[in-house]
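Below: one structure, written as structure tokens.
The chains referred to below are lettered A, B, ... by the order of the sequence lines, with proteins before strands, and numbering in each begins at 1. This one's a predicted model, so the numbers in the text were calculated from it and none came from an experiment.
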Amino acid sequence: MNWNSKAHGRNHHEVELPHGKLHVFANPEIFGSFEAKVYEMADNNLRIPRNKYMGYTPDAHVGVGTCIGTTAVWNMRDGMVSPSIVGVDIGCGMRVHTTPLHKSDLQDKAVRRKLIETIEKYVPTNERVNSNYADIDIMEVVRGGLEGLPDKYIPSKQWITHVEQSNFRYDHAALEQLPPKIRKNAHGQLGTLGSGNHFCELQYLEIAEEQKELAARWGLVDGGVVVMIHSGSRAWGAMVGREHTKVIKEAMHQWGVSNPDPNLNYAPIHSREGETYLNLMYSALNFAVSNRHMIAFGVQEAFRELYGPEFEMPVLYDLMHNYALKEFHRNEPMLVHRKGATRALPPGHFLNTAVYKETGHPALIPGSMGTASYIMVGRDEGLKNFYSICHGAGRLRSRRATRLAVTVDEFSQSLKVGTEEEIVVNHRSLETILDECPQAYKDVDQIIDSITGAKLADVVAKCKPMAVIKGI
DNA sequence: ATGTGC
């Protein structure tokens, strides 16, 4: 496959593919590292009828059917919805809480170790053991999002208002389309991390002088300790995705519609199959935001055990990077798919949640284990990518390839194990999570440079890891 | 990603 590309400055490339145009936001170094396969995948996506926009953020890499790092847009009136462009972990996203602690409070390695052990009591990392919140009815949660949680799990009103969306409303009749075992599989999973790249980290903030005013408005101070959480919709979203992908595949077959990639599925938004998928996707978004809420609740319980019952952990923000949302852009209602792409709305934009209307909302970008994460804010120029920025460093090599290329010793050194600055990890053996080592990911600083260079967003704070909890 | 695989 051949393609030409036209550059707008250093960090925005318009790539002409056989079936349409792909916008790539990446600095020259990252742009040069993209392999042919990511363009093939984009071209397959561009074959889907009436696509309005297709964009890659610099963390783009090969995924199932569609690259992770994709923003793909259709008009709500005559467009398509694609489970493959939402991704398998529906509603996967990020959450950050501030704490009254300063990095000096965690200077002693033993304190970090104790914190991890205590958090693990309240946030189970072994997925088969969790009965912490057996009193929560998950059907209430998938129907009502945070409004489906019992009051005793809402520490303050602030935990409801400081999220991208607390309750996705949809036609609950669609839930009847799901296999009954979904309830059994997802029951008891609220408040659990899951595995893979999901984590809970204690980090400290580094804030540049010129961002201190905005950071202060958000409750962020230089040297302050924050809790960052990355998780999704667990078995609920996985089953919604898997089951409904089958349904849409079957419908495509009946309609006589096909794509060179059998893993790329889609349906008209207004078909019965498309509507059902969107409804069920919203149920998974409700599960995901509630799951991260309950993980944070557990972390706060741990802090309260150690520091007393008055310990407060206000929410900075909770937002997702795997979903399709109805958004109004360029005077038209659009369905914006983000697969491993983070919304970063600028100050004053009407789509902002109320509490962040004026400043724009925090866009939460995780690094890989042992490297920095970032809190950013969108710019007006972000409209060119439908206000999507990266969702993290982006994988550089597969899990399998990572295990062959990197040793446990190298991983251990990148976490400064054995020194006083050690990034303390809950796992006794790093072998278990070797495929999550920083060497498996692109250099997050290059990714962030691409985003700021393309003027999609600015960095507000850099978050340096001090302690990490990973699932198994 | 996932109580997992045509």
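Counting heavy atoms from C-beta outward, A:Leu280 and A:Tyr277 have side chains that stay 4.5 Å or more apart. In this structure the side chain of A:Tyr39 never reaches within 4.5 angstrom of the side chain of A:Asp43, judged on heavy atoms.
If you look at A:His97 and A:Trp159, their ring centroids are closer than 6.0 Å.
Rounded to a whole Å, the CG atom of A:Leu178 is 18 Å from the P atom of B:dT2. Between the NZ atom of A:Lys246 and the P atom of B:dC6 there is a distance of 10 Å, given to the nearest Å. The distance between atom NZ of A:Lys249 and atom C1' of B:dC6, rounded to the nearest whole Å, is 9 Å. Summarising the geometry, the separation between CD on A:Gln189 and P on B:dG3 is reported as 5 Å, rounded to the nearest angstrom. Distance, A:Leu193 CG to B:dG3 P: 13 Å, rounded to whole Å. Whole-Å rounding puts the A:Glu250 CD to B:dC6 C1' distance at 15 Å. For A:Ile182 and B:dT4, the CD1 to P distance is 12 Å, given to the nearest whole Å. Atom NE2 of A:His198 is separated from atom P of B:dG3 by 11 Å (rounded to the nearest Å).
Side-chain contact check for A:Ser373 and A:Glu201: no donor-acceptor pair (N or O, by modelled atom type) lies under 3.5 Å.
When the side-chain nitrogen and oxygen atoms of A:Arg234 are compared with OP1 and OP2 of B:dG3, one or more of them lie within a distance under 4.0 Å.
Between A:Arg399 and A:Arg242, the residue anchored closer to the 5' end of DNA chain B is A:Arg399, taking for each the nucleotide with the nearest heavy atom.
Across all strands, A:Gly196 comes closer than 4.0 Å only to sugar-phosphate atoms, never to a base (heavy-atom distances).
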